[in-house]
Amino acid sequence: MDTEKGAETAPNPTPIVLEGIVRQKCMNAIYNRTRMVLAPHILYTRGGSLYVDAQVVSRDFVIPREEKFGTFKVDGLKSLALTERDFAISRLYLPESEKYAGTTLMAVEPQGASA
C-alpha cells in the first residue's frame, strides 16, 4: 500500500508504545483527529486487539484541568512519536484492575524502591 506524502505514521505503533512504557516517556499522537500527548501506562489485549491505557497530558495543546486517564486502541494512534518528556505513574492507574488480568503485555513499574 502506498504511503501518503508527508505521512510519518509508523506501520507498527506497538514498539513505540512499549518503549514509552518501559522508559516512562510521553508520546505524541493523533487519536480521532485530536492531537494528544499521552503517558502510556499499560499495554494489553482485549477482543484480539491491542489497547493502551494512558494519562492524557494534553489534548489539542491544552492541559486538562484535572487528571484524565483513558483507553486507546493502538491501531487508532496515528503519527505516533516518542518524546523526551518523562512522566510519573498516575494515581488513576489501577494495575490490579480486573480488565488487565491475564491480558497485560507490558506495564509501568515504579522507578525506584519505596521512598
Side-chain angles (χ1 to χ4, degrees):
M1 220 165 146
D2 291 335
T3 308
E4 292 180 38
K5 281 186 185 177
E8 295 181 18
T9 303
N12 182 0
T14 307
I16 296 170
V17 175
L18 288 169
E19 186 175 353
I21 291 169
V22 170
R23 295 181 56 211
Q24 290 186 12
K25 298 287 186 183
C26 291
M27 309 178 304
N28 290 323
I30 296 176
Y31 194 77
N32 292 337
R33 299 183 187 165
T34 302
R35 291 183 184 278
M36 304 183 107
V37 176
L38 302 171
H41 282 57
I42 187 166
L43 179 69
Y44 61 100
T45 59
R46 183 173 70 199
S49 296
L50 288 174
Y51 287 85
V52 60
D53 281 7
Q55 179 183 355
V56 178
V57 176
S58 73
R59 183 191 217 108
D60 281 334
F61 306 104
V62 176
I63 297 170
R65 293 175 69 113
E66 48 186 61
E67 194 172 344
K68 305 234 184 239
F69 202 78
T71 298
F72 303 89
K73 191 169 184 179
V74 172
D75 287 347
L77 296 170
K78 306 298 178 200
S79 300
L80 194 60
L82 210 56
T83 72
E84 286 303 313
R85 181 178 182 165
D86 295 327
F87 68 86
I89 297 174
S90 170
R91 67 181 185 276
L92 298 178
Y93 170 57
L94 304 172
E96 67 281 353
S97 178
E98 189 177 311
K99 74 177 183 176
Y100 305 136
T103 64
T104 300
L105 301 174
M106 180 68 65
V108 291
E109 294 181 14
Q111 289 290 321
S114 57

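Numbers here are sequence positions counted from 1.
- Proximity of a side-chain donor or acceptor of Thr83 to a complementary backbone N or O of Cys26 within less than 3.5 Å is detected.
- The structure places CG of Asn32 at 10.0 Å from NZ of Lys78, a figure rounded to the nearest 0.5 Å.
- Side chains of Met27 and Leu38 form a contact here, defined as non-hydrogen atoms less than 4.5 Å apart.
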Checklist entry - Would Glu84 and Arg23 satisfy side chain to side chain contact (heavy atoms under 4.5 Å, CB included), going step by step from the backbone distance to the final call? => result CA-CA 10 Å; Glu84 286 303 313; Arg23 295 181 56 211; 3.9 Å; yes
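- A 4.5 Å side-chain heavy-atom check between Val17 and Leu80 finds at least one atom pair inside the cut-off.
- Residues Ala54 and Pro40 share a closest heavy-atom pair of CB-CA, 3.8 Å.
- Heavy-atom minimum distance, Ser49 versus Tyr51: O-CD1, 3.6 Å.
- Taking the six-membered ring where the residue is Trp, Phe72 and Tyr31 present perpendicular rings, their angle passing 60° and hence far from 30°.
- In this structure the side chain of Tyr93 never reaches within 4.5 angstrom of the side chain of Asp53, judged on heavy atoms.
- Rounding to the nearest 0.5 Å places OG1 of Thr103 at 7.0 Å from CD1 of Ile42.
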Sequence neighbours excluded and cut-off under 3.5 Å, please list the side-chain donor-acceptor pairs for residues 56-70, or say none.
residue, atom, partner, partner atom, Å
Asp60, OD1, Arg35, N, 3.1
Glu67, OE1, Arg91, NH1, 2.8
Glu67, OE2, Ser90, OG, 2.2

Checklist entry - Step by step, would you call Asn12 with Thr14 a side chain to side chain donor-acceptor pair (under 3.5 Å)? => result CA-CA 6 Å; Asn12 182 0; Thr14 307; 3.0 Å; yes
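- Remark: Asn28 CG to Met36 CE distance equals 11.5 Å, nearest 0.5 Å.
- Leu43 is connected to Leu92 through a chain of hydrophobic side-chain contacts under 4.5 Å among Ile, Leu, Val, Met, Phe, Trp and Tyr, so both are in one cluster.
- Under a 3.5 Å cut-off, the side chain of Glu109 and the backbone N or O of Val22 do not form any donor-acceptor pair.
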Next on the checklist: Go through it in stages, so that I can follow the logic: the residues are Lys25 and Asp86, the test is side chain to side chain contact (heavy atoms under 4.5 Å, CB included), and I'd like the CA-CA distance, side-chain angles, deciding distance and then a yes or no.
Outcome noted: CA-CA 5 Å; Lys25 298 287 186 183; Asp86 295 327; 2.5 Å; yes
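- Across all their heavy atoms, Ala88 and Gln55 have their closest contact at O-OE1, 4.2 Å.
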Next on the checklist: With side chain to side chain contact (heavy atoms under 4.5 Å, CB included) as the criterion, how do Phe87 and Val37 come out once you've worked through the C-alpha distance, each side chain's angles and the decisive distance to 0.1 Å?
Outcome noted: CA-CA 11 Å; Phe87 68 86; Val37 176; over 6 Å; no
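- Looking at residues two or more places apart in sequence or on another chain, you find no salt bridge (charged side-chain N to carboxylate O under 4.0 Å, His left out) involving Glu96.
- Note: Leu50 CG to Lys73 NZ = 9.5 Å, rounded to the nearest 0.5 Å.
- Within the 4.5 Å cutoff, the side chain of Leu77 has heavy atoms near those of the Val52 side chain.
- Taking CZ from Arg85 and CD from Gln24, the interatomic distance works out to 14.0 Å, rounded to the nearest 0.5 Å.
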